[in-house]
2 protein chains.
Amino acid sequence: MKAGTDIAQIGSLVGDPARANMLAALMGGTALTASELALEAGVTSPTASTHLAKLVDGGLVRVKRQGRHRYYALADESVAGMLETIMGVAATLGPKRVLPGPGDKALREARLCYDHLAGEAGVAMLESFVDRGFVRLDRETAALSPAGSRFFADFGIDIEAMSHKRRPVCRICLDWSVRRWHLAGGLGAAILEHMMRAGWVRREKDSRILRFTPAGRREFDLFLHQ
Amino acid sequence: MKAGTDIAQIGSLVGDPARANMLAALMGGTALTASELALEAGVTSPTASTHLAKLVDGGLVRVKRQGRHRYYALADESVAGMLETIMGVAATLGPKRVLPGPGDKALREARLCYDHLAGEAGVAMLESFVDRGFVRLDRETAALSPAGSRFFADFGIDIEAMSHKRRPVCRICLDWSVRRWHLAGGLGAAILEHMMRAGWVRREKDSRILRFTPAGRREFDLFLHQ
DNA sequence: TTCATAGTTTGATATTAATCGAACTATTCT
DNA sequence: AGAATAGTTCGATTAATATCAAACTATGAA
C-alpha cells in the first residue's frame, strides 16, 4: 500500500528516541543549535548531526545557518500539531503510562506549543475568544471576526500586517493534555509574545513549562474576562 | 526527556513499513483478521503475528477473538485521528512526494476514516451542518444543537440512545487531504452507516475509497442542501 | 477421531541503523 | 595568521529487530 510507506517514513523518524527527544525539545518553539540538541538527546555531536540531517531530509525540521551556528526548528506548525497529537495518544492509551511527574501538572496548566500558548490556559483563552465572538470556529480552521480584529488591534497586535503574511492568522491545535483546542497561527504566536514581553509568564529553564507570575495571572484573567 | 520516549514508542510502532501498512488498512474501519493483514502488509503470518502483538501491546490496536479468527481493529478513534494527522503531514511536506496516483483523486473526494466519512464530501457535510446550526463548533470538540437533534432523529438516527453510550456523539477529525474538518464520533459513524445501507456510497474493494452512486450523489446533495 | 485452517511461538539469520572516535571543514575571536 | 569553537563526514563496531521456516496450539469441520 502507498499510504503505509508515507506514514512509516514519518513514524520511523519520530520513532528513534534520540530524534524524538530532539523533536520534543523543539516543541518549545525556540530554535536550537546542533550541540544543544545533542545534549538534549543525550548523544554525541556526530550522532546528533546524522539525526538532524535525517529530520531535515524528511521535512520535519528546518535549519537556518547563522555564522558558525546552525539553528534547528520544527519545519512547520503542522509538524508541531502532529507531535501534539501523538503525545495525546501516548498520554491516553499508553499501556504502561509513564507515571505523572511533578512537572506534569505545570505542563497541563500552561506550556509552549511551538510558539503559542497551550494547556489549560491556552484552552481557556480560546474559549473566551469564542464566547466573546472574537474568533469563530466554523468551517476552515478558524476565523477572526471584525470585533476580534478591533479587540486585538486595541491590544497592540497588528492584525493588518499579519493578514498579509503567508502564515494564517488563526489556526487551532488540539491540546494533548485537555482534549480541546487552543489557538495557534500568527495570532496565537503574537499573543504569547505579548504575554512574555509583558512578563505575564516566564518560561521555565530547559522545558516547555510556562509559569505565570502572580501579577501576570491577574492580568491574564482580566484579559479573558474583561 | 520523558516526553520524547513516549512519542518515540508510538513513532517506532508506526515506523515499520509492515505495521504502517496494517494500520493504513485498518483505517478502513472494518476489523481484519491476522492473515488478511499479513497479506496487506506483504509478510508471512508469523511476521504479521509478531507485528500485531506489538501493536496490541502498544495500545494502538485491539483484538477480538471470534472462533478461530482474531479480528484486529484500531484501538480507538483517537488513533485513527492521529494516523490521519500523520498522513496530512506526509502529504504536505514530504520532500519527495509519492506521485499522486489515480486513486488519490477519489481518495480526496470521499473515503473512510475509521468508521465515518472523510474527504471533500465529509468536509462539505460538516460545513453544511454548521451552517444550518445543527452542529456547533465551539469549545470542547463539537456539540449537537436541539435543532440538530431533531433533524437527525427525523433522519432516522437514534440520538437519544447514542448519547447514553460512552462514545461521544460529536467529535471532529482533521482531514488530511483538505486541511479542514469532518464529523467523527457516534453521529459521524451513524450517518455513514445510513449512507452505506441506503446505497448512496459503495466501498471500493480493498481500499478506503468510497464511490457515490449517481442516485446516491443526488440524495446526498439533497441531504446537505435541503 | 481425524483432518484442515487460523494463528502463535521458537530459533536462526540477515539486515538495518544507531553509536562514537577520529579526521575534516568552516566560522569566529585574538 | 593562529587558536578555538561549531558542526559534519568517515569508518568500524555494536545492538536491535524484521524476517521466515518449522514446530506448536486451538478451533472448526467431516
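Proteins come first, then strands; the chains are lettered A, B, ... in the order of their sequence lines, and each starts at number 1.
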Please work out which of the three classes, parallel, tilted or perpendicular, describes the rings of B/H116 and B/Y114, given edges at 30° and 60°.
perpendicular
In this structure, how many angstroms lie between the C1' atom of C/dA18 and the CG atom of A/L52, rounded?
14 Å
Can you check the A/R70 CZ to C/dT25 P distance for me, whole Å?
14 Å
Note: for B/Y72 and A/G67 on DNA chain C, the residue whose nearest nucleotide lies more 5' is B/Y72
Along nucleotides 9-15 of chain D, 5' to 3', which nucleotides get a B, which get an S, and which get a -, given that the test is a protein heavy-atom distance under 4.0 Å?
B------
In whole angstroms, how far is the P atom of C/dA18 from the CG atom of A/D16?
5 Å
Please tell me which of B/A48 and A/T44 maps to the more 5' nucleotide of DNA chain C, matching each residue to the nucleotide holding its nearest heavy atom.
B/A48
Rounded to the Å, how far apart are A/R19 CZ and C/dT16 P?
16 Å
Under a 3.5 Å distance rule, please check whether B/T213 uses its side chain to pair with a backbone N or O of B/G199 as donor and acceptor.
yes
Could you label the plane-to-plane angle of the B/F223 and B/F155 rings as parallel, tilted or perpendicular, counting under 30° as parallel and over 60° as perpendicular?
parallel
From the options D/dT19, D/dG7, C/dA18, select the nucleotide whose nearest atom is closest to the side chain of A/H69.
D/dG7
Okay, side chain of B/T85, backbone of B/G81: is any donor-acceptor separation there less than 3.5 Å?
yes
Does this structure show an ion pair linking B/D175 with B/R108, if we count only N-O contacts that are shorter than 4.0 Å?
no
Would you say B/K54 places a side-chain N or O within less than 4.0 Å of OP1 or OP2 belonging to D/dA18?
yes
If each of B/Q66 and A/S35 is mapped to the nucleotide of DNA chain D with the nearest heavy atom, which maps nearer the 5' terminus, i.e. the 5' end?
A/S35
What orientation do A/H194 and A/W200 show, parallel under 30°, tilted 30 to 60°, or perpendicular over 60°?
perpendicular
In whole Å, what is the span from the CG atom of A/L37 to the C1' atom of C/dT19?
17 Å
Please determine if a side-chain N or O atom of A/H51 lies less than 4.0 Å away from the OP1 or OP2 oxygen of C/dA17.
no
Starting at CZ of A/R68 and ending at P of D/dA4, how long is that distance when rounded to a whole Å?
12 Å
Rounded to whole Å, please give me the gap between CG in A/L39 and C1' in D/dA6.
14 Å
Run the salt bridge (Lys or Arg N to Asp or Glu O under 4.0 Å) check on A/E109 and A/R217 step by step: do they pass?
CA-CA 12 Å; A/E109 175 67 22; A/R217 165 62 77 183; 2.6 Å; yes
Any A/R65 side-chain nitrogen or oxygen under 4.0 Å from OP1 or OP2 of C/dT27:
yes
Output the rounded distance in Å from CD (B/E36) to P (C/dT5).
16 Å
